[in-house]
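Accompanying notes for the structure given below.
In this text, all values refer to a predicted model and were calculated from it rather than measured experimentally. Remember, it's 1-based here, ligands and their atoms both numbered in the order they're listed.
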Amino acid sequence: MPLSTTPPAIPAQLSQNARTVLAKRYLVKDAAGKPTETPEDMFWRVATVVAEADRRYGASDAQVQALAEEFYALMTQRRFVPNSPTLMNAGRPLGQLSACFVLPVDDALSNGQNGIYDTLRSMALIHQSGGGTGFSFSRLRQKGSMVRSTTGVASGPVSFMKLYDASTDAVKQGGTRRGANMGILRVDHPDVLEFITCKEDLTQVTNFNISVAVTEKFMQALQAGTSYDLVEPSSGRVVAQLDARTVWDKMVLGAWRTGEPGVFFIDEANRYNPVPHLGAYEATNPCGEQPLLPYDVCNLGSVNVGWYVTDGVVDWDAMARDIRTSTHFLDNIIDVNKYPLPEIDALSKRIRRIGLGVMGFADLLVRMGIPYDTPEGVEMGRRVMEFLDVEGKKESERLANERGPFPEWARSIWGPDETCARDASGARIRPMQLLRNCNVTTVAPTGTISIIAGCSSGLEPLFAVAFMRNQAGVMMPDVNEDFVAVAQREGWYSDALMERIAKTGSVKQSEIPERWQRVFVTANEITPEWHVRMQAAFQQHCDSAISKTTNFAHTATVDDVRAIYELAYELNCKGVTVYRDGSRDNQVLSTGATE
Ligand code: ADP
């Protein structure tokens, strides 16, 4: 018997900001745009759809009901929130629940499957359903090369990326937001220089983040101070050479100017590709945390780790229980998801990729009294991520024993296959483990779901202690409640102080004790090195990549950015993205200081 559509009589614990975002973007609305469901209805809609999947594995009515109630409690108490498409689409006609996709782009206008215009169509369908798309344009022939059928010349990857960009503008998701894309080009593609500078003009290609896929070979040439080969995609022929330092400097300069291009260390990502027999990673999702195969998909969800701290102590047992329930939740999504393309549906069921991550990490540190930019802070990051990874995998293993491992398991890096991925010394890249999912962990930006959960986003430090946030066109005040609580408890709270903090964007105020100035350190006060060290610490225990922005002060130099790009490589990050304060006009988050 299907579950009742009436939610449990337990209200969701939501802030006013969370309610505003939900009403604007997530709740089901009537023709006049008025919500026809409450946040509780929404969470119950999601909980029931996802719990129903257990029925396929023999769960009784009572068991499905109990699981739905558990999922409901998890979300309404803000301990875990799935990615936006799950909240928006579960139990609704589209039924598409995932945030991240990668589509292949073949070097043909149309071949009935994945030519440029075929994939353009697939992109529109994914955007319409609320997903974000990543593409590698590396297979497209370079600008100026011959097109045999028309005896014309090809216009190159950048021009087609602009076409995808224009199409993205036209398709609004659920009438509220536009799609997001990642455009990737290999560093050895002949058009790489055009690609690196294609977003110099900030009004261009605005619906894409761009990253250069940088190879080991390139990094070796950079370190040796030599040139490297540019390879024609259609023939594999070397058509030119470029000086590695010159190209690297152009990337770094772009990142300093506008934050783009980012870098995707493609060989490092492929080292951990769980299913190398099915293909190689070429691209990531829009925010970079998920390298994906062509036609691959990932549904994300994040545990609000700050929630588990009471009086400075982490309740690891409670966190472990929730990590397990959240993993179960994400695995169920694969069974109830309505994928926009048959290729995606097929691959998702063969590898069952999920992306469980964290949010509220900065809150966790604050509540433990540990400054983010310290060895203790970084060690805590490593530990939290290891815990998430180990507990998530225990649940994935339990599910594999009960429901079967993902069908490609035997030939994956988790299986017994002796030929599967090895490191330079011949050792396995991953230990053998029976798993339900080829990939369990990631760290997403949690841009919107962290507002719903009322916590700091992803693994990022606090953005500010008091600031104005532009969310879907609404300016919302955001004040850190932990800060207010400490200030009131210790007797140095005043409205004037909060206003000064909001205006200057800094907690370096004379009435704030030194210790709290350190603990409430904000993103712009943290040196770029600590940002990258934290990213690398999380990466150590993360299957996928990490969404992280390394913040720079406006005054940072090009050399500062170069040093960080090189440090990220040395520390085995899978990518790096920087943002220099004030280098773009319409920042999503802004403190008074940069307005
Ligand atoms: P949320 O908080 O809404 O769940 P995140 O900020 O964690 O989303 O982003 C997770 C992923 O969702 C991104 O990496 C990207 O793949 C996808 N995504 C984010 N914003 C958009 C958007 N505007 N359109 C399409 N996909 C998006």
(request) Identify whether the distance between the nearest side-chain nitrogen and carboxylate oxygen of R350 and E408 falls below 4.0 Å. (result) yes

(request) Looking only at distances, please establish whether an N/O atom of ligand 1 is found under 3.5 Å from an N/O atom of S84. (result) yes

(message) Polar contacts were defined as any N/O atom of the residue lying under 3.5 Å from an N/O atom of the ligand; does this apply to A180 and ligand 1?
(response) yes

(message) Please classify the I449 to ligand 1 contact at 4.0 Å (heavy-atom distances, strictly less than): side chain, backbone, both or neither.
(response) both

(message) Take a 6.0 Å sphere around CD of Q540 and say whether it holds more than 12 heavy atoms from other residues, nucleotides or ligands.
(response) yes

(request) List the atom of I526, the atom of P461, and the distance in Å for their closest heavy-atom pair. (result) CD1-CB, 3.5 Å

(message) Can you list everything that forms a salt bridge (charged side-chain N to carboxylate O under 4.0 Å, His left out) with D331? Sequence neighbours excluded, please.
(response) R352, R403, R436

(request) Please say whether E289 places an N or O atom under 3.5 Å from an N or O atom belonging to ligand 1. (result) yes

(request) Look up atom OG1 in T258 and atom CD1 in I210, then write down how far apart they are to the nearest 0.5 Å. (result) 7.5 Å

(request) Output yes when the distance from some N or O of ligand 1 to some N or O of G132 is under 3.5 Å, and no in every other case. (result) yes

(request) Have a look at D543 and tell me which of K393, R353, R271 forms a salt bridge (Lys or Arg N to Asp or Glu O under 4.0 Å) with it. (result) K393

(message) Using a 3.5 Å cut-off on N or O atoms only, is G447 in polar contact with ligand 1?
(response) yes

(message) My understanding is that we take every heavy atom of each candidate and find the minimum distance to atom 14 (O) of ligand 1. Doing that for T446, T133, N285, which one comes out nearest?
(response) N285

(request) May I ask you to identify, for R178, whether its side chain, its backbone, both or neither come under 4.0 Å of ligand 1 on a heavy-atom basis? (result) backbone

(request) Below 4.0 angstrom from a heavy atom of G131, which ligand 1 atoms are there? Numbered from 1 as shown, please. (result) 25 (C), 26 (N)

(request) Check ring pair (Phe, Tyr, Trp, His ring centres under 6.0 Å) between F552 and all other residues, then give those that pass, not counting sequence neighbours. (result) none

(message) If you measure every N or O of A444 against every N or O of ligand 1, does any of those distances drop under 3.5 Å?
(response) no

(request) Answer yes when E70 and R321 have at least one side-chain N-carboxylate O distance shorter than 4.0 Å, and no when they do not. (result) no

(message) Could you work out, for atom 15 (C) of ligand 1, the closest of S450, P286, P82 by heavy-atom distance?
(response) P286

(message) Could you tell me, atom by atom, which parts of ligand 1 come under 4.0 Å of a heavy atom of C287?
(response) 13 (C), 14 (O)

(message) Give the atom numbers and elements of ligand 1 that come within less than 4.0 Å of a heavy atom of N83.
(response) 4 (O)

(request) Kindly compute the distance separating OG1 (T550) from CD (E460), expressed to the nearest 0.5 Å. (result) 8.0 Å

